[in-house]
Undergrad: 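Structure in structure tokens, see below.
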Number of protein chains: 2
Amino acid sequence: MDTPLSARRLADTAALLADPTRAAICLALLDGRAWTAGELARHAAVAAPTATGHLNRLVAAGLLAEERQGRHRYLRLAGPTAAELVEVLAQFTGGPPPVATSLRAARQSGELARARTCYDHLAGALGVTVTGAMTARGLLDDRHGLALTPAGADWLTATGITVAPARRAAVRACLDFTERRPHLAGAVGAALCAHALTAGWLERRPDTRAVRVTVTGERALHDLLGVRWADVRPAQ
Amino acid sequence: MDTPLSARRLADTAALLADPTRAAICLALLDGRAWTAGELARHAAVAAPTATGHLNRLVAAGLLAEERQGRHRYLRLAGPTAAELVEVLAQFTGGPPPVATSLRAARQSGELARARTCYDHLAGALGVTVTGAMTARGLLDDRHGLALTPAGADWLTATGITVAPARRAAVRACLDFTERRPHLAGAVGAALCAHALTAGWLERRPDTRAVRVTVTGERALHDLLGVRWADVRPAQ
DNA sequence: GGCACGCTTCGGCGCCCGCCGAAGCGTCCG
DNA sequence: CGGACGCTTCGGCGGGCGCCGAAGCGTGCC
């Protein structure tokens with residue numbers, strides 16, 4: 001992958017995200033949901049023609065997928081590979097999000113810090129705590145970074161969590177920005193998150209990446225992993 | 001990570017590689033070695049002032065690290081995080097490298113396809129074969145993507161391979177472009193490659209990312225993993 | 001000590017990209 | 001059916017970035 005043509009193509013891929021508007025669009029879509037073109041335009045604070053141009057470019061390049069319903073055009077990240085691209089760029093950029101400047105913003109960033117999704121896996125104090133508890137119980141092994149153990153594979157089966165066969169890593173450590181520690185990502189992380197939503201342990205909040213742990217979820221955290229949700233706080 | 005400032009910063013990170021010259025520089029440096037500024041200028045087919053400008057920007061952003069020796073300025077990728085950024089962008093870009101157009105180029109691309117390094121881990125038919133053999137012997141588990149097994153951890157210790165504690169994944173699947181199948185990357189992949197070079201199983205070739213499997217290495221492949229190196233061919 | 005080499009700084013040129021208002025098209029609600 | 005809404009296309013404007021030649025500085029070899 002070191003020919004000039006490769007360099008041209010890599011540059012074209014990077015150029016997709018080398019614009020603040022397109023970057024804002026892709027970061028917004030890391031919540032795993034579909035957004036309309038209008039919502040994305042407002043979120044990125046640009047006019048509709050500008051958003052249309054950017055969205056067309058991102059779809060043509062395979063970073064986003066689109067779906068039309070009537071007069072609405074829905075966009076989402078095209079898949080885990082696209083999400084990982086955005087995540088890796090965000091991780092390299094590093095640094096914590098800026099300090100909240102209003103009570104409402106502080107409450108919202110507190111909620112995001114406590115429990116949210118990062119494209120398709122759990123993040124925030126929830127994600128980091130679940131990862132820590134699984135490691136403590138021998139379900140994950142972090143001697144050489146993060147890896148799934150056979151006990152972990154059995155636990156997943158026993159809990160009814162199905163991991164789709166995938167080309168990507170079973171477990172990947174995704175650096176949690178608010179907690180500054182890694183949380184579980186990859187195929188196993190995605191399966192766990194999907195199951196948590198399906199089983200009703202978590203539910204999404206409107207218009208935000210934050211998720212709410214339900215009473216059923218608190219019980220599941222306690223019974224399955226020995227975690228008391230009330231004690232879980234984001235890092236300062 | 002969804003504030004406008006975050007989007008600006010992510011765009012700035014992506015912009016680092018959104019230029020064919022800088023992309024060519026970083027792809028060249030994926031061989032894990034240090035190159036001089038002049039070598040990188042020639043490799044990227046630009047004049048020295050152009051290369052200097054690009055290198056300054058990449059160093060300032062933390063993607064490259066520099067070291068001066070007399071009148072020479074040496075550059076290398078700043079670390080595994082930087083390498084992963086380039087790899088993930090290259091993977092998303094996808095597609096095989098272009099067909100070789102000369103006998104010499106065909107021989108060189110054949111050597112690259114057979115055995116090379118991808119920043120800090122094994123790639124090519126060697127990388128994919130080693131990954132397959134480790135999976136067949138229960139040292140890696142690919143039921144849910146790639147993961148290290150306890151038997152694998154013990155095998156590493158028994159073979160004298162030390163995996164440095166790291167924040168990154170123990171094993172990560174890096175899609176091999178020439179073989180179109182994943183090979184072992186991550187902390188374990190890096191440790192394996194480092195050990196293979198230290199133990200004399202592999203040796204680097206001048207001016208290329210290709211590596212040569214030594215007689216000692218052929219024996220080690222056979223004794224440790226049951227692989228006959230003579231039988232290993234790149235995919236067509 | 002002089003000359004060559006590696007690299008840097010300066011100044012200028014040309015091209016590309018992101019932005020929006022206006023106009024238009026398709027959908028859908030009252 | 002008419003008007004509002006979501007989104008697209010067209011045309012134009014302004015800013016930013018990558019390139020190089022010339023000149024210069026520091027290193028090092030003969």
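Treat the numbers as computed from the prediction; the structure is a model and nothing was measured. Order of the sequence lines fixes the chain letters, A, B, ..., with proteins taken first and strands second; residue numbering starts at 1 for each chain.
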Undergrad: Find the distance between CZ (Arg116(A)) and CZ (Arg204(A)) and round it off to the nearest 0.5 Å.
TA: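 Going from CZ on Arg116(A) over to CZ on Arg204(A), the span is 13.0 Å.
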Undergrad: Do you know which two heavy atoms are closest between Gly62(A) and Phe92(B), and how far apart they sit?
TA: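 Minimum heavy-atom contact is O-CZ, 3.7 Å.
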Undergrad: Quick check on contacts: within residues 60-68 of chain B, what sits under 4.0 Å from DNA chain C by heavy-atom distance?
TA: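 Those residues whose heavy atoms fall under 4.0 Å from DNA chain C, taken from residues 60-68 of chain B in numerical order, are Arg68(B).
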Undergrad: Taking all non-hydrogen atoms of both residues, which atom of Leu63(B) and which atom of Ala82(B) are closest, and how far apart?
TA: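 Reported closest heavy-atom pair: O-CB, 3.5 Å.
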Undergrad: Please report the distance, rounded to the nearest Å, between CG in Asp19(A) and P in dC16(C).
TA: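 Between P of dC16(C) and CG of Asp19(A): 17 Å.
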Undergrad: Between Leu126(A) and Val130(A), is any pair of side-chain heavy atoms under 4.5 Å apart?
TA: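 Side chain of Leu126(A) against side chain of Val130(A), heavy atoms only: contact under 4.5 Å found.
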Undergrad: Would you say Thr21(B) reaches dC19(D)'s phosphate, i.e. side-chain N/O to OP1/OP2 under 4.0 Å?
TA: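 Answer is yes, contact under 4.0 Å.
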Undergrad: Rounded to the nearest Å, what distance is computed from the CZ atom of residue Arg71(B) to the P atom of nucleotide dG28(D)?
TA: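 Taking atom P of dG28(D) as the reference, CZ of Arg71(B) is at 7 Å.
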Undergrad: Expected output is a numbered-order residue list: members of residues 45-57 of chain A with a heavy atom under 4.0 Å from any atom of DNA chain C. What is it?
TA: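 The answer is Val46(A), Ala47(A), Pro49(A), Thr50(A), His54(A), Arg57(A).
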Undergrad: Grab the CG-C1' distance between Leu75(B) and dG6(C) for me, whole Å please.
TA: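 Value for this atom pair: 13 Å.
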Undergrad: Would you call the rings of His121(A) and His183(A) parallel, tilted or perpendicular if under 30° counts as parallel and over 60° as perpendicular?
TA: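 Taking His183(A) first and then His121(A), their aromatic rings sit tilted (interplane angle of 30° to 60°).
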Undergrad: Under 4.0 Å: is that the gap between some side-chain N or O of Arg22(A) and OP1 or OP2 of dG18(C)?
TA: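 True: Arg22(A) side-chain N/O within range (under 4.0 Å) of dG18(C) OP1/OP2.
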Undergrad: Atom NE2 of His72(B) to atom P of dC7(C): distance rounded to whole Å?
TA: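 To the nearest whole Å, that distance equals 6 Å.
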Undergrad: Check whether any side-chain N or O of Thr36(B) sits under 3.5 Å from a backbone N or O of Arg73(B) as a donor-acceptor pair, and report yes or no.
TA: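 Not at all, since once roles are kept as given, no pair shorter than 3.5 Å links the two residues.
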Undergrad: Under 4.5 Å between any side-chain heavy atoms of Leu30(B) and Arg209(B), yes or no?
TA: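 They are in contact (side-chain heavy atoms under 4.5 Å apart), so the answer is yes.
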Undergrad: Using a 4.5 Å cut-off on heavy atoms from C-beta on, say whether the side chain of Asn56(A) contacts that of Val59(A).
TA: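 The answer is no; the side chains never approach within 4.5 Å.
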Undergrad: Would you kindly give the CZ-to-P distance between Arg42(B) and dC5(C), to the nearest whole Å?
TA: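 Those two atoms, CZ and P, are 12 Å apart.
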Undergrad: Rounded to whole Å, how long is the line connecting atom CG of Leu17(A) with atom C1' of dC17(C)?
TA: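 It works out to 16 Å between those atoms.
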Undergrad: Can a cation-pi geometry be assigned to Arg42(B) and Trp35(B), taking NZ or CZ under 6.0 Å from the six-membered ring centre and within 45° of the ring axis?
TA: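 So Arg42(B) doesn't make the cation-pi contact.
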Undergrad: Whole Å only: how far is the CD atom of Gln69(A) from the P atom of dT27(C)?
TA: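 That distance rounds to 14 Å.
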Undergrad: Specify the separation, in whole Å, of atom CG of Asp12(B) and atom P of dG18(C).
TA: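 The distance from CG of Asp12(B) to P of dG18(C) comes to 14 Å, rounded to the nearest Å.
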